[in-house]
Amino acid sequence: MTAPLLSVRDLHVTYRSEAGPVPAVRGVSFDLHPGETLGLAGESGCGKSTIAGALLKVLPPGTEVTGEVLLDGEDVLQMKPGRLRAVRWTEMSIVFQGALHALNPVQRVGNQIEEAIETHRTTPAATARVAELLELVGLPARRAGDYPHQLSGGQRQRVLIALALACNPRVLIADEPTTALDVMVQAQVLELLERLQRELALSMIFITHDLSTLSYVCRRTAVMYAGRIVEEGPAEEVFAHPRHPYASALAAAFPLIGDHSHRMNPSGLPGDPPDPRAIPSGCPFHLRCAVVQPECPELDVELWPAGDGRRAACIHVLAGAAP
Amino acid sequence: MSFGYFSRKVLAALATLAFVVCFNFFLFRVVESDPVASLFRGRNLTPAQRLELRQEFGLDGSKGEQFVRYLQQTAQLNLGRSYRSNQPVSSEIRERAWPTIALVGVSTLFSAIFGILIGIVAAWRRRTKADYGWTGFSMATYSMPDFWLGMLLLISFAVALGWFPVGGITDTGSDATGVAKLFDQAHHMFLPALTLTLAYLGEYALVMRSSLLDTMREDYLTLARAKGLRDVVVRNRHAVPNALLPVVTLIAINFGFVLSGAIAVETIFSWPGLGLLTYDALKGPDLPMLQGLFLVFSAAVIFFNLVADLLYGFLDPRVRTP
Ligand SMILES: Nc1ncnc2c1ncn2[C@@H]1O[C@H](COP(=O)(O)OP(=O)(O)OP(=O)(O)O)[C@@H](O)[C@H]1O
Ligand SMILES: [Mg+2]
């Protein structure tokens with residue numbers, strides 16, 4: 001296997017808030033290989049967007065980030081400001097969550113794309129490149145003159161994708177690119193991303209709370225819970241035969257691609273996702289787990305091998321039995 | 001700009017103006033039922049003299065006739081004659097408008113520039129000494145009454161130190177022309193303009209600060225940073241222009257109010273503008289003059305509200321484009 005393009009090692013992110021520190025990501029490691037799509041799934045608040053922000057170091061000032069984000073072996077978290085600005089968007093870019101708020105409402109979308117191109121001077125003909133990018137994502141070039149509010153949700157999402165591709169990044173982080181869209185448009189955007197990934201040989205991190213979507217776009221998937229990865233493995237396997245009880249609940253929540261009716265409360269899963277400021281002891285999932293064991297509240301779970309390239313953080317995996 | 005938005009705002013402004021014109025008539029009739037009687041109190045007038053005076057001031061005939069005549073005259077910008085000077089109200093107002101416009105214009109310009117800059121510094125360096133210092137300064141000037149601030153400045157810089165004249169617009173008896181005259185006027189304007197600038201700057205700084213703090217939480221700023229822009233570019237190109245929208249509107253609206261709000265400051269510094277004119281008319285009371293001033297002040301507020309709306313539509317594409 002080739003060396004990973006992006007390698008995240010023991011990433012911890014703690015936000016500062018009025019009510020005290022918020023440990024949103026608590027020790028996450030994963031690798032992304034060239035040309036690969038890695039899925040990142042989990043309930044709202046488990047820390048998915050936080051990871052995306054940490055990779056480009058764009059979290060709010062004062063946020064504590066430790067660990068390593070190695071891009072071709074170079075740690076993004078240790079880069080000098082100038083180097084960091086040069087890496088942003090040319091090496092890694094993000095399709096931000098919430099396309100309505102991610103675009104500046106008082107600037108034409110074409111100018112917002114052009115700004116990225118001109119900042120990095122990737123091509124002298126910025127205007128032509130904007131037209132090319134818009135056509136690449138299936139929008140007519142004249143849409144460059146529109147303001148965000150003049151576009152539909154799906155069109156805005158396409159603009160954000162075009163924007164993310166502006167400087168030919170090697171890694172594309174797509175943060176819930178289909179969540180706010182209706183089912184038809186979701187399928188179109190998914191197809192678009194998949195096509196772009198193939199044609200441009202992108203390495204992609206695809207973030208969603210919807211495991212079924214991941215089984216469609218990714219080869220490998222990681223499931224997060226309370227700021228940690230609790231299961232990882234081939235996407236289809238994780239979706240079809242989850243090993244962690246939380247992954248089972250998540251898989252059961254979205255039997256169909258694009259069904260978001262249970263977003264906040266995956267079916268059959270009692271209780272709420274834990275507050276990052278008060279994470280339960282032992283296995284953080286034990287309070288909501290249907291197959292909880294007496295030792296779970298104390299057991300320090302970690303990702304244990306769970307057969308054919310899979311790992312899961314559950315006592316049942318350690319015991320060798322499927323939950 | 002879409003015609004719908006534009007025409008809606010203009011129509012609303014015209015309707016408000018029409019209401020104010022009518023209201024103005026009745027307001028001043030309620031205040032004073034027989035101006036001639038009170039104006040010439042203590043003097044023995046013959047009924048014939050009385051009638052003549054009533055005709056002269058346009059007080060003859062029924063209320064309905066008076067109202068129609070008032071509307072006709074107002075439409076021709078004829079606001080009647082001043083009781084005090086016996087000059088046409090409109091020409092006196094026109095003459096006194098320039099000093100006020102100059103004073104308020106200069107003060108608005110400086111309070112806007114410095115208020116906005118202070119707001120930007122305070123928000124961008126929030127929770128630092130710079131923020132606490134500038135925000136405290138803004139609160140202090142914002143809460144100071146302008147007449148009090150004006151007297152303070154007058155006593156210290158004009159009376160005690162003698163750096164500036166105590167009042168007026170030019171030195172008395174001065175026959176300076178050209179640049180010298182301009183310099184003399186600027187010298188006289190300094191203290192009243194400083195008073196008004198300080199009185200309004202605090203509000204602009206506080207509004208700009210909170211508007212920018214709101215904008216800084218927006219996702220598109222994170223995206224702008226992620227694109228690899230420098231922090232100053234993110235601030236100047238994405239944060240500040242968006243945060244300016246409510247401040248620009250506020251400044252335009254305030255301009256209309258400051259025209260009439262300069263009464264206290266103009267009186268303190270004997271600045272011969274509309275504020276001082278109002279003060280003098282109140283002493284009479286010079287009703288036609290007050291009525292005319294009231295109309296002009298209302299019209300200014302309505303007009304600058306309209307300007308604010310149109311400016312907003314021009315600056316914010318969400319309002320301008322369908
Ligand atoms: N700026 C911040 N300050 C304090 N806490 C924050 C901040 N941003 C996020 N959090 C908290 O960190 C946790 C993780 O947030 P994050 O946005 O990464 O979740 P997510 O997995 O992307 O959820 P979603 O599916 O809703 O997008 C949440 O509990 C959130 O409340
Ligand atoms: Mg998120």
Side-chain angles (χ1 to χ4, degrees), chain A residues 16 49 52-62 81-109 111-122 145-151 159-160 163-164 166-167 169 173 175, chain B residues 1-2 4-5 120-131 208 211-249 309-322:
Chain A
R16 229 175 26 189
S49 299
L55 297 187
L56 273 186
K57 222 179 160 197
V58 288
L59 294 168
R83 173 79 185 129
L84 183 63
R85 282 200 303 273
V87 164
R88 285 174 178 165
W89 233 247
T90 58
E91 297 287 331
M92 278 197 279
S93 65
I94 306 181
V95 179
F96 278 91
Q97 184 175 4
L100 179 55
H101 301 289
L103 290 168
N104 188 333
V106 304
Q107 289 185 11
R108 296 176 195 278
V109 294
N111 293 351
Q112 300 187 48
I113 300 176
E114 221 172 292
E115 187 178 40
I117 299 167
E118 274 163 3
T119 301
H120 298 286
R121 294 205 187 81
T122 38
D146 281 359
Y147 291 98
H149 74 276
Q150 294 171 302
L151 303 171
V159 167
L160 271 192
L163 178 53
C167 303
I173 304 161
D175 191 355
Chain B
M1 186 170 304
S2 81
Y5 177 78
I120 292 174
V121 169
W124 207 254
R125 311 217 172 288
R126 73 179 177 294
R127 303 217 179 112
T128 63
K129 276 186 193 137
D131 179 20
M208 183 66 199
S211 174
L212 188 53
L213 283 179
D214 284 345
T215 309
M216 280 159 63
R217 274 192 282 275
E218 296 281 357
D219 290 343
Y220 57 80
L221 289 196
T222 310
L223 186 135
R225 266 204 305 149
K227 283 200 286 196
L229 304 185
R230 288 170 184 279
D231 273 1
V232 271
V233 177
V234 174
R235 184 184 75 187
N236 295 345
R237 223 183 273 165
H238 292 274
V240 170
N242 295 41
L244 269 178
L245 286 176
V247 185
V248 168
T249 324
D309 279 339
L310 298 184
L311 211 56
Y312 203 97
F314 178 72
L315 293 175
D316 191 336
R318 283 165 295 186
V319 178
R320 176 180 34 170
T321 48

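Residue numbers start from 1 in every chain, and the chains themselves are labelled A, B, ... in the order their sequence lines are given, proteins ahead of strands. Just so it is clear, the structure is predicted and the values come from calculations on it, not from any experiment.
Of all the listed residues (B/Asn242, B/Leu221, B/Asp231, B/Asp316), the one sharing the greatest number of non-hydrogen pairs under 4.5 Å with chain A is B/Asn242. The choice from A/Val58, A/Leu56, A/Ile94, A/Asn104 that makes the most heavy-atom pairs within less than 4.5 Å of chain B is A/Asn104. The most heavy-atom pairs under 4.5 Å with chain B, out of A/Arg108, A/His120, A/Lys57, A/Glu115, come from A/Glu115.
The part of A/Thr119 that comes within reach of chain B is its side chain, from C-beta onward, which places non-hydrogen atoms under 4.5 angstrom from that chain. For A/Leu103, the part lying near chain B is the backbone, with the side chain staying farther off; criterion is any non-hydrogen pair under 4.5 Å. Contacts of A/Leu84 with chain B are absent, with no heavy-atom separation under 4.5 Å from either backbone or side chain.
Among residues 211-218 of chain B, no residue has any heavy atom closer than 4.5 Å to a heavy atom of chain A.
For the atom pair CG of B/Leu223 and CH2 of A/Trp89, the computed distance is 4.5 Å after rounding to the nearest 0.5 Å.
Considering every non-hydrogen atom in both B/Pro317 and A/Pro105, the closest pair reads CG-O, 3.7 Å.
In this structure, the side chains of A/Phe96 and B/Thr222 come closer than 4.5 Å at one or more pairs of heavy atoms. A/Leu163 places a side-chain heavy atom less than 4.5 Å from the side chain of B/Lys227.
In the displayed structure, A/His101 atom NE2 is contacted under 6.0 Å by at most 12 heavy atoms of other residues, nucleotides or ligands.
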Can B/Arg318 and A/Val106 be said to form a side-chain contact (heavy atoms from CB on, under 4.5 Å), step by step? CA-CA 7 Å; B/Arg318 283 165 295 186; A/Val106 304; 3.9 Å; yes

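A donor-acceptor pair is defined here as one N or O able to donate and one able to accept, closer than 3.5 Å; such a pair exists between the side chain of B/Arg225 and the backbone of A/Leu59.
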